[in-house]
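Both ligands and their constituent atoms are indexed starting at 1 by order of listing. This chain uses plain numbering: 1 for the first residue, then up along the sequence. From a predicted model like this one, the values you see are computed outputs, not experimental measurements.
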Amino acid sequence: MAIRYFQGGMVASEAGDPVRADVIIEAGEITAVGENLDVPEGAEVHDVTGKIISPGMFDAHVHMREPGQEAKETIKSGSEAAINGGITGVCLMPNTAPAIDSSQMVKLVAEIAERDSRIPIYTSGCITKGRIGEELAGIDGMREAGVVMLTDDGDGVQDPALLRTAMEYATGLDEKLFFASHCEIDELSGPRALNEGAVSDRLGIQGSPACSEEICMDRDIRLAHSVGARLHIQHVSSRIGMETIRWWQSMGARVTGEVCPHHLLFADEDIGEFDTHYKMNPPLRTRADNEALVQGLIDGVFSLISTDHAPHTPFEKAQDFVNAPNGITGLDTALVSLFHHFVEPGRFGWDLLVKRFSAEPRRMMHLPVAEVTVGKPADLIVFDPNGESTFTAEFMQSKSQNTPFLDKTLKGRVDMVVLGDEVLLDR
Ligand SMILES: [Zn+2]
């Protein structure tokens, strides 16, 4: 049981700009936060002058591919990528092979996580068996086994009657259970390669129109509203999608939304000459959508940021643009990329990152919120705003490197990750 003294940091919270303070952790608990604290006897002293001491981040939308696709990622490599990126908890999506659609599968993933991960791993469960959209998954069993949300992520549930039945049934079982929708109308979305627009025209590839996502989103929120279910909209990519959620929130619907760094930062025109690192679903839309999504994040239409970390092997991503799988990695890079593009230029403060990338996702799942406050368990990171990160293949801990940030250098660096009595990362 160690005593750790962090000297000269800037302590971050949801409440406002980081505040100058020292932090003491004893036996995994934060025992003092304040200026010019005495160094306790036998303490390990870390000089963190000018660095941010922040609650650890939480990623509510992660694909770790295990079981079934361990060449792309495992729970072990994925959780190390999370730590590398300052993330101290994640929720996994259920599109593994086989899918997480029964209590047995939930328990299997929990056992692997217990054995292989140094951070807490939570999992979602499928809405329908095998994510095929035909019959309900074993929702009650999965609930007892501990799933924190229900989703067929990767696909939308196409049958509205089945989705409405699932919502009515699950909400009746347990008020805490909620749904997360990947919104897409299959008949509209075509080969799911890229956004329908000027870039798809130029490249000569059939595009997926934003209305495929927006119509499904409006429908799913309306269905949830009709039965009083709580619904979370995943990876929103368009301005009209964001405004749809805003409107439903004003109508009193129990709906939240999330946005991913890639939808804030990149647009279809970045695809260039068929760069598959920019291929994901929902696809990158336009610069105007980027701007609207950032505003939605600042306004609180989106309560949270998630990565939709979706690793694929280089072999798969080397296929032609239409056949290459959808997805981009994010665990290693998300926090630094958000700092570099938004916090450093003054677009929003670190407090917004704490709120949307740490506190709100945990609240949504009814988990304890990480705070750098006396009496709380240590769940924090040390971030150097003057440092840099170069995202080489060696630096990133994910098994896959399908990200446009590969070999790029960005401002900001995660220097330490502390969870309880353990230092998980010390660069
Ligand atoms: Zn996903």
Quick one: pull up CG in Asp218 and CH2 in Trp248 and give me the separation to the nearest 0.5 Å. 6.0 Å

Glu371 pairs by salt bridge (Lys or Arg N to Asp or Glu O under 4.0 Å) with which of Arg362, Lys376, Lys355? Lys376

Assert yes or no for the condition that the ring centre distance of Phe405 to Phe266 is strictly below 6.0 Å. yes

Below 2.8 Å, can you find an N, O or S atom of His61 next to the Zn ion (ligand 1)? yes

Given the Zn ion (ligand 1) as the apex, I'd like the angle to OD2 of Asp153 and OD1 of Asp308, rounded to 10 degrees. 160°

Looking only at non-hydrogen atoms, find the nearest pair between Pro55 and Ile381 and report the distance. O-CG1, 4.2 Å

Indicate if the distance from the Zn ion (ligand 1) to the nearest N, O or S atom of His63 falls below 2.8 Å. yes

